[in-house]
Each structure stands twice: as structure tokens, then as C-alpha cells.
Amino acid sequence: MTQRALIFDVDGTLAETEELHRQAFNRAFDEIGLSWNWGTHVYRDLLRVTGGKERIRAFMEQTGFAGDLDVAGLHLIKTRIYTELVASGGIAFRPGILGLINYAIIVGLKLGIATTTSRANVQALFEGTGEAKALSHFSVICCGEDVKRKKPDPEVFLLTLKQLGVDADNCIVIEDSEAGLKAALRAEIDTVYITPSIFTKHHCFDGASEVAEDATALLPFISHFLKSKAQTTSTPG
Ligand code: XBP
Ligand code: MG
């Protein structure tokens with residue numbers, strides 16, 4: 001039987017995590033005595049740069065910061081603070097996410113994660129939401145540290161496809177951002193559903209198969225995708 005898969009992005013897609021990332025960056029800056037403070041508008045703009053370390057470097061360049069900064073060390077502090085914030089339990093999955101995970105398990109879709117953030121943050125999110133068990137159903141989890149180039153580069157999706165052992169044609173991606181959409185399309189995954197997050201509502205989603213308010217609206221599309229694939233497979237010639 002042809003294997004098919006559902007691949008989830010993490011930040012903004014599984015949960016509205018970017019506000020906690022923003023707070024974690026600011027607390028980390030404070031901890032090392034930097035006077036930076038990323039407000040919501042500044043952070044929304046900085047999110048065009050994917051990856052926390054890359055975002056810090058972009059900000060340094062943008063502001064002409066000339067100091068000597070251990071970006072990797074600062075980012076480790078940020079990750080520690082972020083995982084603590086998430087573990088404190090104030091975050092939940094977005095509507096429909098757990099329903100889609102359960103649906104995938106029932107219909108035999110493989111589950112994958114393709115994210116820019118770190119494995120530690122993914123783990124913390126599933127634990128912090130009280131859904132650690134759901135993570136055990138994901139056969140592949142590809143993160144920022146697994147790739148050389150982050151989204152919108154397709155590398156994380158290509159790696160996820162390879163590890164899943166599923167063709168791009170037989171995959172559905174759920175994303176919230178323009179960079180994520182571009183990355184999936186560049187990996188030749190044609191079926192990309194977008195659920196814009198608070199921080200990505202203004203992005204351009206040209207090329208997406210569907211843009212929905214949240215994952216609750218996606219079930220009929222996924223079911224239709226599976227039916228059309230089943231018909232293609234069973235049509236002789
Ligand atoms: C979105 C991102 C991430 C987070 C920060 O990731 O760009 O960089 O903002 O995470 P996703 P790190 O692909 O899941 O939407 O600081 O751990 O890099
Ligand atoms: Mg995202």
C-alpha cells in the first residue's frame with residue numbers, strides 16, 4: 001500500500017508559540033545585560049528571518065551593533081527560558097490540531113514534523129501542552145539543528161520526506177508562514193495547507209492549496225486528498 005504522510009510545522013502552526021519566543025529572547029537579552037527589547041511589531045518584522053540565532057544576527061546587522069556577542073551562547077539561554085515558559089503550562093495546541101493528529105493515526109497517515117526550531121523546543125511544547133503522548137505517534141521529527149539551511153530553503157522538508165520514505169506527491173504539509181510555504185513548495189510538495197498565525201496573517205500565501213483560519217477546517221480537504229489519491233492508485237493504466 002502506498003504510504004502517505006501529514007507533515008506539521010511547529011511554531012505558529014501547532015500552537016501560537018511566537019509570543020513566548022519573543023518573551024524568551026527579551027529575557028535572555030536582559031540576563032546577559034543587553035538593553036535590547038523586541039516589541040511585537042519589531043518581532044513580527046524580524047520573523048522574516050527564520051531561526052533564532054539567524055534572527056539575532058540579522059538584528060545586530062540591522063542596528064549596526066558593534067559589540068562582541070556570543071550568539072550561540074545567548075541562544076542557549078533563550079532556549080532554556082523558552083522551554084521553561086512552555087513547561088509552565090500556559091500554552092495549548094491550536095484548534096483542530098489534536099483532531100488532525102488523531103485522524104491521521106486512524107486512517108494510517110504517517111506523521112512528521114518539519115520545523116526551524118530545536119528538538120528541545122518541540123519536546124517542551126508537547127510536554128507543556130500535556131500532549132507528550134501525541135509526540136510518540138510522529139515517526140519523523142526534523143528540526144533546525146538537522147539542516148544546514150533553514151526555511152525557506154527546502155532542506156528540512158526534503159529530509160523529512162527522505163526519513164518518512166514518502167514521495168512529495170503523497171504528502172500534505174500544514175504551515176503558518178510564507179517561508180514555510182516556500183520551503184514546502186521548493187521540496188515539490190504541492191499540497192500545502194496554511195493556517196495563518198497571529199504573527200503571519202499579513203504573509204503572502206500564493207501557491208498554497210488552501211488557507212484556513214485553523215486546522216478544524218482542514219479535515220474535509222485532507223479526506224478529499226486521500227480519496228483522490230486512492231482513485232489514482234486504483235485506476236488501471
Ligand atoms: C519558526 C521560527 C523559529 C522560532 C524560534 O519555526 O522561525 O525560529 O521563531 O526558534 P517553525 P529558535 O519552522 O516551527 O515555524 O530560536 O529555536 O530557532
Ligand atoms: Mg511556523
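Order of appearance sets the numbers: ligands from 1, and atoms from 1 within every ligand. Numbering starts at 1 and runs along the sequence shown. Since the structure is predicted, the reported quantities are computational estimates derived from the model, not experimental observations. Only this structure's heavy atoms are used, side chains among them; waters, hydrogens and symmetry mates stay out.
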Leu74/Ile32 under side chain to side chain contact (heavy atoms under 4.5 Å, CB included): CA gap, chis, key distance, verdict: CA-CA 8 Å; Leu74 171 59; Ile32 65 160; 3.7 Å; yes
Can you list the atoms of ligand 1 that are under 4.0 Å from a heavy atom of [X]?
X	answer
Ser118	17 (O)
Val10	14 (O)
Lys78	5 (C), 10 (O), 12 (P), 16 (O), 17 (O)
Asn121	17 (O)
Glu18	1 (C), 2 (C), 4 (C), 9 (O)
Asp9	11 (P), 13 (O), 14 (O), 15 (O)

Cationic N near anionic O, under 4.0 Å, [X] to [Y]:
X	Y	answer
Glu31	Arg27	no
Lys150	Asp153	no
Glu84	Arg80	yes
Asp169	Lys229	no
Lys151	Glu175	yes

Would you tabulate the side-chain donor-acceptor contacts of residues 135-143 under 3.5 Å, counting partners in other chains and residues two or more places apart, or write 'none'?
residue, atom, partner, partner atom, Å
Ser136, OG, Lys133, O, 2.5
Ser139, OG, Leu111, O, 3.4

Face-on cation placement of Lys78 at Tyr82 ring, 6.0 Å and 45° thresholds: yes
Close approach of Gly12 to ligand 1, heavy atoms, under 4.0 angstrom: no
Ligand 1 contact by Tyr43, heavy-atom criterion under 4.0 angstrom: yes
Ring centre gap for Phe65 and Phe59 strictly below 6.0 Å: no
Aromatic centroids of Phe126 and Phe93 separated by under 6.0 Å: yes
Expected output: side-chain Arg94 to main-chain Glu16 donor-acceptor under 3.5 Å: no
Any donor-acceptor pair under 3.5 Å from Lys110 side chain to Ile105 backbone: no
Identity and distance of the protein heavy atom lying nearest atom 17 (O) of ligand 1: Thr117 OG1, 2.7 Å
Geometry only, no angles: is [X] polar-contacting ligand 1 at N/O separations under 3.5 Å?
X	answer
His75	yes
Gly52	yes
Thr115	yes
Gly51	yes

Per atom 7 (O) of ligand 1, closest listed option by heavy atom (Arg55, Lys151, Lys150): Arg55
Closest candidate by heavy atom, reference atom 4 (C) of ligand 1, pool Leu125, Thr17, Leu46, Asp11: Asp11
Neighbour count >12 (heavy atoms, 6.0 Å) for atom NE2, His224: no
Number of protein N, O or S atoms [distance to the Mg ion (ligand 2) under 2.8 Å]: 3
Audit row: Trp36, Phe25, ring pair (Phe, Tyr, Trp, His ring centres under 6.0 Å) steps and yes/no: CA-CA 9 Å; Trp36 298 349; Phe25 279 113; 9.9 Å; no
Lys53 and ligand 1 - part of the residue with a heavy-atom distance under 4.0 Å: neither
